[in-house]
Amino acid sequence: MEQGNRSHGKIDSLPQAVKREVEERLVGGEKYEDIADYLKENGYDVHYSSVGRYGRKFLARFESVRVAKEFAKLLAEDDVDRPATELHEANNLLASQLIMEAMVDDEMDAGERAKIAKSIASLQNAQVANEKLKLNARKEQGAIHTAMKLFTDKIYEEIGSRYPEVAQTLLTLAEETEMEMSRMQ
């Protein structure tokens, strides 16, 4: 068998409008047999097993993209103050998933696979840069915590024994400030 002359499934060879209708019926949960009957009624001789092969692949791809998009949407809506690194990470997860699905496509030739492999390398570089940003943010957060700890220790040393109510108010304000600063990162 020559490369480039791969056999395509019967669903792939249908007119685009009919293929789209099959996909809509698959997403709607219609049984493979019923979809095959619909195709036969419209003049296309497609066995339900062909619909099943196409349907399993299509629905798996559809579901994984839907879940990834929903995940990214929830991350974005969850907290408007969420660090950009987390949204970037969600985007990388979505892109990685789509790239991996493309890599397992039976109909992809070696040239297309090579292009996708380059995309994976770019995505990995972006993820490394993202991890560096997160590491720096953790270091900054640690520095803030250390500074606030020194500050609260000094408050306690200087005024805690003489003015406990004032010291407690200042300590509470320091804790609230540290929490606010942590959320801002």
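All residue numbers in this chain count up from 1 along the given sequence. Small disclaimer: the values here were computed from a predicted structure and weren't measured.
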*To the nearest 0.5 Å, how far apart are NE2 in His47 and NZ in Lys10?*
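Nearest 0.5 Å value for the NE2-NZ distance: 9.0 Å.
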
For [X], check side chain to side chain contact (heavy atoms under 4.5 Å, CB included) against everything at least two apart and list the hits.
X      : result
Thr172 : Gln168, Glu176
Tyr54  : Ile11, Asp12, Lys19, Glu23, Leu26, Phe58
Lys31  : Glu33, Asp34

query = Got a sec, which residues hit salt bridge (charged side-chain N to carboxylate O under 4.0 Å, His left out) with Glu21, two or more places apart in sequence or on another chain?
reply =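 Glu21 satisfies salt bridge (charged side-chain N to carboxylate O under 4.0 Å, His left out) with Arg25 once adjacent residues are dropped.
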
Legend entry - side-chain hydrogen bond (donor to acceptor under 3.5 Å, both in side chains) partners for Arg53, two or more places apart: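 Residues passing side-chain hydrogen bond (donor to acceptor under 3.5 Å, both in side chains) with Arg53: Ser50.
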
| task | Only pairs at least two apart or in different chains count here, so list each salt bridge (charged side-chain N to carboxylate O under 4.0 Å, His left out) that has a residue in residues 37-48. | result |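 Qualifying pairs: none.
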
Heavy atoms from other residues, nucleotides or ligands near OH of Tyr38 exceed 12 (cutoff 6.0 Å) =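 Yes, the 6.0 Å shell around OH holds more than 12 heavy atoms from other groups.
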
Next on the checklist: Run the side chain to side chain contact (heavy atoms under 4.5 Å, CB included) test on Tyr44 and Leu14 for me, step by step, so that the C-alpha distance in whole Å, both residues' side-chain angles and the decisive distance to 0.1 Å come before the verdict.
Outcome noted: CA-CA 8 Å; Tyr44 302 102; Leu14 293 173; 3.5 Å; yes

| query | So do the side chains of Val46 and Val22 get within less than 4.5 Å of each other, counting heavy atoms only? | reply |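 The answer is no; the side chains never approach within 4.5 Å.
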
